[in-house]
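This report concerns only the one structure given below.
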Amino acid sequence: MRLANTFSVLGPALSRPAVQYGRPQWTLCLPLLTLTALVLAPPDLRLISSVFACITFVLMQWLIPECRFRKDNIYCAQNLAFALFLMRLVIVPVLIMAVGPVQSVLPFLPSKESMEWALVIDVFSFIGFCLGMRYMSARPLSRTHGTIAAALSRVPSRGLVIAFVVLGAIGFVVAFGSIGRFLEYFRDPYTDGQLTKELSGSWKGFLGTVLRPFLAIGFVSVWARQLDISFHRNKAWKYLAGAAVLAVAIVIANLTFSFNRAAFLFPLASLIAVCNVRVKRISLAMIGTLAACAIPFLISLGHYRTTPVPVGVEYEVPKTLFASFEDLSEHIQIYMTGPQYTGFFYQETGWGQHLLGGSSLAASALSPIPILGKGSREISGLAIFNRAIYGNLGYEDQIIPLDCELFANFHLPGVVLGFFGLGMLLASLQRLFDSVTSAFGLFTIHYVGIWGAMLTVWSLAIYVQILFYFCIPFYTFLALNALRKLIRSTRRTVPVSAVSIGEFAR
């Protein structure tokens, strides 16, 4: 009875259809792909552990339904996590055996044995993740779940929407000062470095960084509010068109964070997920087409933010299909942090002979926080990983994967337990997503979840940084809802003194 009362506030959320998981038959082609690459690869590139990794991925899909890709919500955060694991455990090893490992910033490639064992550690992280997903999905919904879902199901008020947009605009004024400076930022990427130096370590820089995300989230809240109030199936095109305009606004607003592609890609992914659930089903074919059109822009943006483009200079374009395939393989191995990178770290740090006991994890969690995390940055996982690669040159542009940091602190049990917790986190967020009824609440949960899914390949410090700087609008929304609820409950409470006086008067 108590549980029923808890969820009575959710209304239509409880009437949603049951979760639909995809069939695992498609995974049967993966062992064939891996074995083919293993047979055709030169002896010095054959990763025997790739067979173990591939079979584990396939078995988890068959044995645990919660570890399959969801069909009813194909753009959810847990689907992204499984896709990333598929890349790390199957696709990346196949690419290494096909075209060789990418060395990139590594001073040298680790031994083949180190790469083999690094891949085995990745497998154990996947096992822990799947067990965490299964455990949390099987647990009954709690009262806390109902409370959070009810809060996120509220539609943002008009005043809150206006406040978000105004605060975001103030953040841009604080950061850039003028429209001319704002336009100069886009014209010349090197002004970003100059702007960063000017704002670094100042309250002006802090406020500019914290307030700017309010603008993009304010745009989202405008669209989400209209969707919740006046949506009709016959006018779905209207809201899809609004989402397209909103996507352009998000890209422009969030490109101001050092031209970081993830800063605008992740809100766009959350916007697509909300449209898919609340407006109209969006096929993978359409998203694939849009992604194919966007890839050249994303690649050129990466070059633009790091390298000036001289006028009249033409870059050499690969002319062969194999050259294009090598370029694609290089990008995948780098961004998925292939076993050559993790193997190099394990090899250089002695395979956990001197465990850190959680010190670097605590430092990684604190390092993105201003002032408080300043003293922790030198011992964070990010710093240790970059020192292993560059020595003491001071560069910190490489991201340590979470499994590397867990292994350095607590060895293999730490990897399994850490990813067990990550699986629980994503399963909890997914259940919230399935319960919430407002578009803004759906966007909020998906945004937090999709960044959490990236912990399969990225570091704890990045997730904390996102939660600290980019999620303040969501915290504000929840805090104001809690305050409103508290005020209403206070008004309904009859003061004890009034009752006493009334009784005395009688």
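- Using modelled atom types, no side-chain atom of Ser364 and backbone atom of Ala461 make a donor-acceptor pair closer than 3.5 Å.
- Qualifying ring pair (Phe, Tyr, Trp, His ring centres under 6.0 Å) partners for Trp62, counting only residues two or more places apart in sequence or in other chains: none.
- For Phe82 against Cys130, the heavy-atom pair with the smallest separation is CE2-SG, 4.3 Å.
- One side chain, Tyr239 or Ser230, offers a donor N or O that lies under 3.5 Å from an acceptor on the other.
- Atom SG of Cys67 and atom CD of Gln78 lie 8.5 Å apart (nearest 0.5 Å).
- Note that CD of Gln430 and SG of Cys76 are 4.5 Å apart. Values are rounded to the nearest 0.5 Å.
- Atom CG of Leu483 is surrounded by more than 12 heavy atoms from other residues, nucleotides or ligands within 6.0 Å.
- Residues Phe129 and Phe420 keep their aromatic ring centres 6.0 Å or farther apart.
- Aromatic rings from Phe176 and Phe182 are positioned such that their centres are separated by under 6.0 Å.
- The two residues Tyr21 and Pro65 make their nearest non-hydrogen contact at CD2-O, 3.4 Å.
- More than 12 heavy atoms of other residues, nucleotides or ligands lie within 6.0 Å of OH in Tyr475, so this atom counts as buried by the packing criterion.
- At least one donor-acceptor pair closer than 3.5 Å links the side chain of Arg68 to the backbone N or O of Gln61.
- When side chains are defined from C-beta on, Val448 counts as touching Cys471, because their heavy atoms get closer than 4.5 Å.
- Proximity of a side-chain donor or acceptor of His446 to a complementary backbone N or O of Tyr75 within less than 3.5 Å is detected.
- Distance alone, capped at 3.5 Å, is enough to place a donor-acceptor pair between the Asn276 side chain and the Ile282 backbone.
- The minimum heavy-atom distance linking Pro267 with Phe443 is given by the pair O-CE1, 3.4 Å.
- No side-chain donor-acceptor contact under 3.5 Å links Ser137 to the backbone of Arg134.
- Enclosure of atom CD1 in Ile229 by more than 12 non-hydrogen atoms of other residues, nucleotides or ligands within 6.0 angstrom is indicated.
- Put simply, OG on Ser438 and CG on Leu227 are 9.5 Å apart, with the number rounded to the nearest 0.5 Å.
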For Ile445 and Val436, run side chain to side chain contact (heavy atoms under 4.5 Å, CB included): C-alpha distance rounded to whole Å, both residues' side-chain angles, the deciding distance at 0.1 Å, then the answer. CA-CA 9 Å; Ile445 297 167; Val436 167; 3.4 Å; yes
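- Thr34 places no side-chain N or O within 3.5 Å of a backbone atom of Pro31 that could act as its donor or acceptor partner.
- Across all their heavy atoms, Arg88 and Pro93 have their closest contact at O-CD, 3.3 Å.
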Take Asp72 and Arg281, measure what salt bridge (Lys or Arg N to Asp or Glu O under 4.0 Å) needs, and give me the verdict at the end. CA-CA 9 Å; Asp72 57 331; Arg281 284 294 178 94; over 6 Å; no
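- Between the side chains of Glu405 and Ser459, no donor-acceptor pair is found at a separation under 3.5 Å.
- A distance of 10.5 Å separates CZ of Phe474 from CG of Leu467, quoted to the nearest 0.5 Å.
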With side chain to side chain contact (heavy atoms under 4.5 Å, CB included) as the test, would you mind laying out the steps for Tyr335 and Ile399 before giving the verdict? CA-CA 9 Å; Tyr335 284 102; Ile399 299 173; over 6 Å; no
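- In this structure, Phe124 has no ring pair (Phe, Tyr, Trp, His ring centres under 6.0 Å) partners at least two apart in sequence or on a different chain.
- With contacts defined as side-chain heavy-atom distances shorter than 4.5 Å, the pair Ile64/Met133 does not qualify.
- Side-chain contact between Ile170 and Phe214 is absent, with no heavy atoms from C-beta onward closer than 4.5 Å.
- For Tyr469 and Phe257, the ring centers are positioned 6.0 Å apart or more.
- Nearest heavy-atom pair across Ser125 and Phe419 is O-CB, 3.2 Å.
- Using a 4.0 Å cut-off between charged side-chain N and carboxylate O, Arg70 and Asp434 make a salt bridge.
- Here the CE-CD distance, from Met60 to Glu66, works out to 12.0 Å after rounding to the nearest 0.5 Å.
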Show, in sequence, the C-alpha distance, side-chain angles and deciding distance for Leu95 and Glu330, and conclude whether the side chain to side chain contact (heavy atoms under 4.5 Å, CB included) test is met. CA-CA 9 Å; Leu95 291 174; Glu330 178 179 353; over 6 Å; no
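- We find the OG1-CD1 distance between Thr444 and Ile217 to be 7.0 Å, quoted to the nearest 0.5 Å.
- Cys275 places none of its side-chain heavy atoms less than 4.5 Å from the side chain of Lys280.
- In this structure a side-chain-to-backbone donor-acceptor pair under 3.5 Å is present from Arg212 to Gly208.
- Applying the salt bridge (Lys or Arg N to Asp or Glu O under 4.0 Å) test to residues at least two apart or on different chains, none of the pairs has a partner in residues 446-475.
- Taking 4.5 Å as the limit, every side-chain heavy atom of Leu442 sits out of range of all side-chain heavy atoms of Tyr447.
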Apply side chain to side chain contact (heavy atoms under 4.5 Å, CB included) to the pair Asn254 and Phe266, showing each step before the final yes or no. CA-CA 10 Å; Asn254 283 13; Phe266 283 61; over 6 Å; no
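- Atom CZ of Arg23 has 12 or fewer neighbouring heavy atoms from other residues, nucleotides or ligands inside a 6.0 Å radius.
- Looking only at distances, a side-chain donor or acceptor of Arg431 sits under 3.5 Å from a matching main-chain atom of Met136.
- Pairing each heavy atom of Leu86 with each of Leu30, the nearest pair is CD1-CD1, 3.8 Å.
- Tyr463 pairs in a side-chain contact (heavy atoms from CB on, under 4.5 Å) with only one of the listed residues (Leu422, Leu455, Leu402), which is Leu455.
- Proximity of Phe440 to Trp223: side-chain heavy atoms (C-beta onward) are nowhere separated by under 4.5 Å.
- The shortest side-chain heavy-atom distance between Ile462 and Trp451 falls under the 4.5 Å cut-off.
- When side chains are defined from C-beta on, Leu152 counts as touching Phe477, because their heavy atoms get closer than 4.5 Å.
- For Thr337 (side chain) and Gln333 (main-chain N/O), no donor-acceptor pair under 3.5 Å exists by modelled atom type.
- Of the charged side-chain nitrogens involved, none lies within less than 4.0 Å of a carboxylate oxygen, so that Arg154 and Asp228 do not count as a salt-bridged pair.
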